[in-house]
Each structure stands twice: as C-alpha cells, then as structure tokens.
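Read the structure below first, then the notes.
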Amino acid sequence: METESEPYVRLASLRQLHQVMADMNTARSMADTLQTVADGVVTALGYELACVNLVRPDGDLVVAAFSGNPAAEALITGRVGSRESWERRLTMGETWGDLVFIPHTEGWILDDDDVPQWYTDGPDPRFEDEWHPSDRLFAPMYTPAAPGGGSCGELIGVLSVDRPRNGRRPGAWGREALQMYAFQAAIALSNARLRANMQRALVRLGREQQALRASEESFRQAFEYAPSGMAIAEMGGDQHGRILRTNDALCRLLGRPASAMRRYSFSDLVHPEDIGTLLRTSAEGGRAELRLGRRDGTYVWVSLRNSVVADAADGPRFLLTHVEDIEERKRRELQLAHRASHDSLTGLPNSAELRSRLSSRLCRRPQSAGPAALDAPGTTDAVDTVDSAYGHPAFDAHGHGFDYLPAGAEAYDAYDHHVHTVAPEESARDDGSKGLAVLFCDLDGFKSINDRFGHNAGDAVLIEVARRLSRGVRDGDTVARLGGDEFVILADGLGRADAQDLAVRLRNEIIQPIRAEGRAVRVGASFGIGWAHCGMTADEVLKSADERMYVEKRSRPKQHRRAG
C-alpha cells in the first residue's frame, strides 16, 4: 500500500487489510490478538513500526505488543506510561478524525514524560508533508459504544505508529484506513478480553464446583465422624428447632438412636430451667452452656454452639449445632465454687457466702422523714422502738418512702418485687409477727480442748458441732462457720419466741458428749439473737447478733456455760 498513490489502491492491498482484520478476530488468546494488531499495522497499513499500548485495570497504559524493530521491542515492551501523560498526548497536536498527530515542532515537550517511546531526532523536512523522525501519530481504541451512549465507549488502548514507508504523512485515505483499523482492533481486543474473562470464569467455576464437591464431602465426613456431637435443625416456621440429622457422637452422648433423635427438637431435650437460654441462643445463632436430657432421665452439661447456614442463595436456613460434653468441667467448676464459698473443714458456708446470702435479703433504705427517734441503721433498739410505735416504713424501688405499714408486716415493692425484711415486734406477748433471725453461736470451752488434746481433737469437735447445728435447723435455713469456733444460723420466718426456742434446742444438741481422738469431750455454746431488716448491712446485722451473744455469755455464771 505504501507504493500506491491515493486514491488508487490495489485490490491486493485491500485483501491484505481484510485478512489482517480477520486474523485479529480469530486469534486464540489476548496475547495473540495484541501481537496480530501490531503486526497488521506493519504488514497492511505501510508503517515500519507499530506499538499497542493497553489500558491496565489501574488506568495506566502498558506496552503490550510491538512490531517492526526487535531492538525497540526489547527496549520498551512491558513498560508503563501513566494515564495522566497519555491524556496529555491525546489532547494536544492536530486531530485527524479520531487520530491524534503531534508534529515534531510540538512533540519535543513530551521527550521527558514517562511514556515509553523510541522517537529520534533528525533534519528538518525537505517538503511540506515529509515525515519527521520525531513526528507522533496515535490511534485511540475505544470499546463499541452502547446504544444511546455516545460516539465511543471506554478507552482500552492506543495504537502508536511511526515511519511511513513512503516517507510522507498519511493522506486522507491512509488516515481513514488507520482509523478504521483502530476501530476493528478495539472490537477484536474487546472480544478477546470477553473470551479471556469467560475462560477464567469457566475455570473458576470448575474449580469452585470441584471445591464444593470436596467441601461437601469434607463436611459430611467432619459431621459424621466428629468426636463431639453435631446436629442440623430447622430454623424458622412451625418446625423451628426440629432435629433433622445427628451424628453418632451426639447419639452416644444422649443415649438415643438417630431415628429417635429426629422425633425431637432441642426444646424437648433441654432442662426446664435452661429453656430460656436455649431460645436466646437459637434465635440467630450463638453459644450457651445448658443441660440436655439423656434417655435414662439424667441430664448432662453441654456447650452448645449454633451457626446459621443457608442451603442456597434464597433457600431455607438451618441451624448447625455443635454439642460438646462439658460435664467434667462443670463438675470441677462447681467444686471450685463450693470451695470458694464453703469452709474446708466443716463443709458449711463460709463467712463470704454467709454475708452474700444475708445481703441478698436486704436493701438499703434511706432515712425516712418520720419521727426523729429513727436512728441510723444498726442502732436496732431505736429502730425497734420507732417501728413499734409507728409501724415499718415501706420504700419503693428508688428508695423513696411512701407509707408506714403495721408493725411486723412485710412491705412488697411493686417495682423490683423485693419483699422488705423487717424484725418482729418485741413485746411481752407473741403477736405472731415473723422475721429473719440471725443466731450468733460461740463455743464455750473449746480453747481448752485444743490446748489439752491438740488441734485434731479441736477439728473433730468443730466438725461434729457443724453436723449437729445443720441437723437441728429446717431445710432452707443457713448454718455457716464464721471462723474459729464461731457459727451463724440464718432462719427466716421466725418470731422472737421461735428464735429463742431454736437457740435452746441447738445449745442442748451441742452440749452432748463428742468423741474426739478416742475420748469424750464436751463444749458449751452461747447464742446471741439478732434480727435483720432492710436498711442494715450484713456486717451490721452480724455485729448486732455478736453483741447480743456476748451479753448472753456474760449473763450466765462461768460454771454453767459448759455442761459436763
């Protein structure tokens, strides 16, 4: 084509151009398409050099193919030019339709930018349309425009051409041919990109399907042969929580066959006290520790973890439940908790547990606007005096007094459902009022047993006293060891006469002979009775009972404090 004069173009040249365009659209890969585009410029359009600059995902352009000069190809192939520099080139110089021509008189300002180039300097042109070595001609390649989307689509690359074989700038036909070629090249590159994306998608899909099959098999094996229990249950609807599938480990843990497990939901198996925990856990997945029922009627502590799993994009959702046996851990935790809250020698609740139980029954009440005789909490005599005259002030959930109740009555708080603890009235006759009695017990003569027979004998005495005290109270009462030879009994719902009778019965139990280290020994006991009521702290209640115990101890002759 370079030897022909426009508009006279040989049919052979058109056939050659047609063949190049056909080759572009039948190339096997993106790389082949790029090289075919570059080679076609040299073989069919009459240029000695051609370069295809391809737009990368980040917007910059990389030299993806080169044709016409192996040395130049090795120099610039793979190098990158910034999008900013390319935008500058495509907006300067002369526009020939969709082409951009930058003559050597203007192109010198581009010599130092970051676009890879091979241009060289040379003498000034001898005639007007002679090609100069520093002339630049670019053919932008755009994706085909969408209907109604304008004249061109997205820029996918730029063709750079150089050194026309006839030594002249292309005329009208040459420009039209290059512009048409760039348009067809853009279509070929777009199609190649689509094919490449499709091939990658097919490969990825194949891998995903293979991975899915492997994952399903792995899940099946992991589910079936997991050392801990696994279950799949329905989620939502009327059958929420119904067990669909279980593994052998869960069946062994609960002693139930798989066929029987499918007749239950987890709510059928959980301990009644743990049903609320189960419902909170299974609502949207989560974990909890609760008890599940075995076939023999016993319960086992388990750690239950739920995960919400969708069967498909919009398909049903299931609960994948992992059930781990934590019975041994729970037993150890309960043992540790028991040791922390109970005396190691007697097994009774210790001082901390006693204060906790006592504090749980009390609420702090601020001073009422009632009679001035109402002293600060802990001054029980003044409180008893005022309560006897005016009744007990009732308080709401915020500590505000709202009325006085009859003496001996219990105030019910409508806000937090706390039943206020009050002391029964102290009077000559029993009026039937009840309260929380606190009996402070101190052993008499215990130190002499320790001194004469040793600490082992003393420990045996303490253990037996603890047993007798526990045997002598009602179910629900608390017997605690405060420390040393001091014990405390919390007995709710007693009147003053009842508390006195209880102290007498317990003292009579304690003074019976005790076998310790092969001999019979005896100890006595002094009891002080205090009364707990809201407005006092646990320490104040214990101090009051302790003080009354010392009053009682001092009131009896020394020889009567210990029998035998």
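Just so it is clear, the structure is predicted and the values come from calculations on it, not from any experiment.
- To the nearest 0.5 angstrom, Arg262 atom CZ is 7.0 Å from Thr246 atom OG1.
- Arg207 is listed as a side-chain neighbour of Val203, based on a closest heavy-atom distance under 4.5 Å.
- To the nearest 0.5 Å, the span separating CD on Glu130 from CG on Asp135 amounts to 9.5 Å.
- The pair Arg195-Asp32 does not count as a salt bridge, with every side-chain nitrogen at least 4.0 angstrom from each carboxylate oxygen.
- Residue-environment remark: CD (Glu128) stays at or below the threshold of 12 foreign heavy atoms within 6.0 Å.
- When all heavy atoms of Gly107 and Arg136 are compared, the closest pair comes out as O-NH1, 3.3 Å.
- Between Trp118 and Phe66, the angle of the ring planes goes over 60°, which puts this pair in the perpendicular group of the 30/60° scheme.
- The CZ atom of Phe318 lies 9.5 Å from the CZ atom of Arg242; values are rounded to the nearest 0.5 Å.
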Please assess Val62 against Asn53 for the test side-chain contact (heavy atoms from CB on, under 4.5 Å), listing each intermediate value before the final yes or no. CA-CA 5 Å; Val62 60; Asn53 301 275; over 6 Å; no
Would you please test Met230 and Thr321 for side-chain contact (heavy atoms from CB on, under 4.5 Å) and show each step? CA-CA 6 Å; Met230 302 286 288; Thr321 303; over 6 Å; no
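- The shortest heavy-atom contact between Cys251 and Pro257 is SG-C, 4.0 Å.
- Although no hydrogens or angles enter the test, the distance criterion places no donor-acceptor pair under 3.5 Å between the side chain of Arg361 and the main chain of Cys534.
- The closest side-chain donor-acceptor pair between Gln19 and Asp23 falls under 3.5 angstrom.
- In this structure, the side chain of Thr77 does not engage the main chain of Ala74 through any donor-acceptor pair within 3.5 Å.
- Annotation: Gln210, atom CD; neighbour count of heavy atoms from other residues, nucleotides and ligands within 6.0 Å does not exceed 12.
- With rounding to the nearest 0.5 Å, the separation of CZ in Arg355 from CG in Leu362 is 12.5 Å.
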Salt bridge (charged side-chain N to carboxylate O under 4.0 Å, His left out) evaluation trace for Asp129 with Arg168: CA-CA 6 Å; Asp129 63 347; Arg168 296 178 179 274; 2.7 Å; yes
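- Side chains of Leu159 and Met141 form a contact here, defined as non-hydrogen atoms less than 4.5 Å apart.
- With 3.5 Å as the limit, one finds no donor-acceptor pair spanning the side chains of Ser344 and Arg339.
- Using modelled atom types and a 3.5 Å distance limit, the side chains of Asp539 and Thr537 yield no donor-acceptor pair.
- For the 3.5 Å distance criterion, the side chains of Trp301 and Asp325 fail to qualify, holding no donor opposite an acceptor.
- In this structure, Tyr181 contributes its side chain and Val37 its backbone to a donor-acceptor pair below 3.5 Å.
- Side-chain polar atoms of Trp96 and Glu94 form a donor-acceptor pair below 3.5 angstrom.
- Phe101 does not carry Arg175 over the face of its six-membered ring by the limits of under 6.0 Å from the centre and within 45° of the normal.
- Residues satisfying the side-chain hydrogen bond (donor to acceptor under 3.5 Å, both in side chains) criterion with Asp274, sequence neighbours excluded, are Arg291.
- Using a 4.0 Å cut-off between a side-chain N of Lys or Arg and a carboxylate O of Asp or Glu, Glu333 and Lys330 qualify as a salt bridge.
- Looking at heavy atoms from C-beta onward, Ser267 lies in side-chain contact with Leu278 at the 4.5 angstrom threshold.
- Side chains of Leu189 and Met30 form a contact here, defined as non-hydrogen atoms less than 4.5 Å apart.
- Note: Tyr264 OH to Leu254 CG = 10.0 Å, rounded to the nearest 0.5 Å.
- The two residues Phe223 and Ile232 come nearest to each other via the heavy atoms CE1-CG1, 3.8 Å.
- Proximity of Val115 to Arg89: side-chain heavy atoms (C-beta onward) are separated by under 4.5 Å at one or more points.
- Side chains of Asp114 and Ser85: a donor-acceptor N/O pair is present below 3.5 angstrom, by distance only.
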Step-by-step side-chain contact (heavy atoms from CB on, under 4.5 Å) determination, Leu45 to Leu178: CA-CA 7 Å; Leu45 294 181; Leu178 179 58; 3.8 Å; yes
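- Judged purely by atom type and a 3.5 angstrom limit, Ser356 has no side-chain atom pairing as donor or acceptor with the backbone of Ala352.
- With Tyr299 as the aromatic partner, Arg294 does not meet the cation-pi criteria of under 6.0 angstrom to the ring centre and within 45 degrees of the ring axis.
- With contacts defined as side-chain heavy-atom distances shorter than 4.5 Å, the pair Glu324/Arg305 qualifies.
- Across all non-hydrogen atoms, the minimal contact from Pro140 to Ala182 is O-CB, 4.0 Å.
- Across all non-hydrogen atoms, the minimal contact from Pro125 to His132 is CD-CD2, 4.0 Å.
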Intermediate values then yes/no, side-chain contact (heavy atoms from CB on, under 4.5 Å), Thr36 and Leu34: CA-CA 5 Å; Thr36 302; Leu34 288 165; over 6 Å; no
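- The closest side-chain heavy-atom distance from Leu244 to Glu234 is below 4.5 Å.
- The OG atom of Ser82 lies 6.0 Å from the CG atom of Asp60; values are rounded to the nearest 0.5 Å.
- Between Arg245 and Glu224 there is a salt bridge, since at least one side-chain N of the basic residue sits less than 4.0 Å from a carboxylate O of the acidic one.
- Remark: the Asn350 side chain and the His342 side chain contain no N/O donor-acceptor pair separated by less than 3.5 Å.
- Closest heavy-atom contact between Leu250 and Asn247: N-OD1, 3.1 Å.
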Could you please spell out the steps behind the side chain to side chain donor-acceptor pair (under 3.5 Å) verdict for Thr478 and Arg357? CA-CA 9 Å; Thr478 295; Arg357 295 187 185 185; 3.1 Å; yes
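- The closest side-chain heavy-atom distance from Leu137 to Val100 is not below 4.5 Å.
- Other residues, nucleotides and ligands place more than 12 heavy atoms under 6.0 Å from the CZ atom of Arg56.
- Geometric assessment of Arg83 against the ring of Trp86 yields a negative cation-pi assignment under the 6.0 Å and 45° thresholds.
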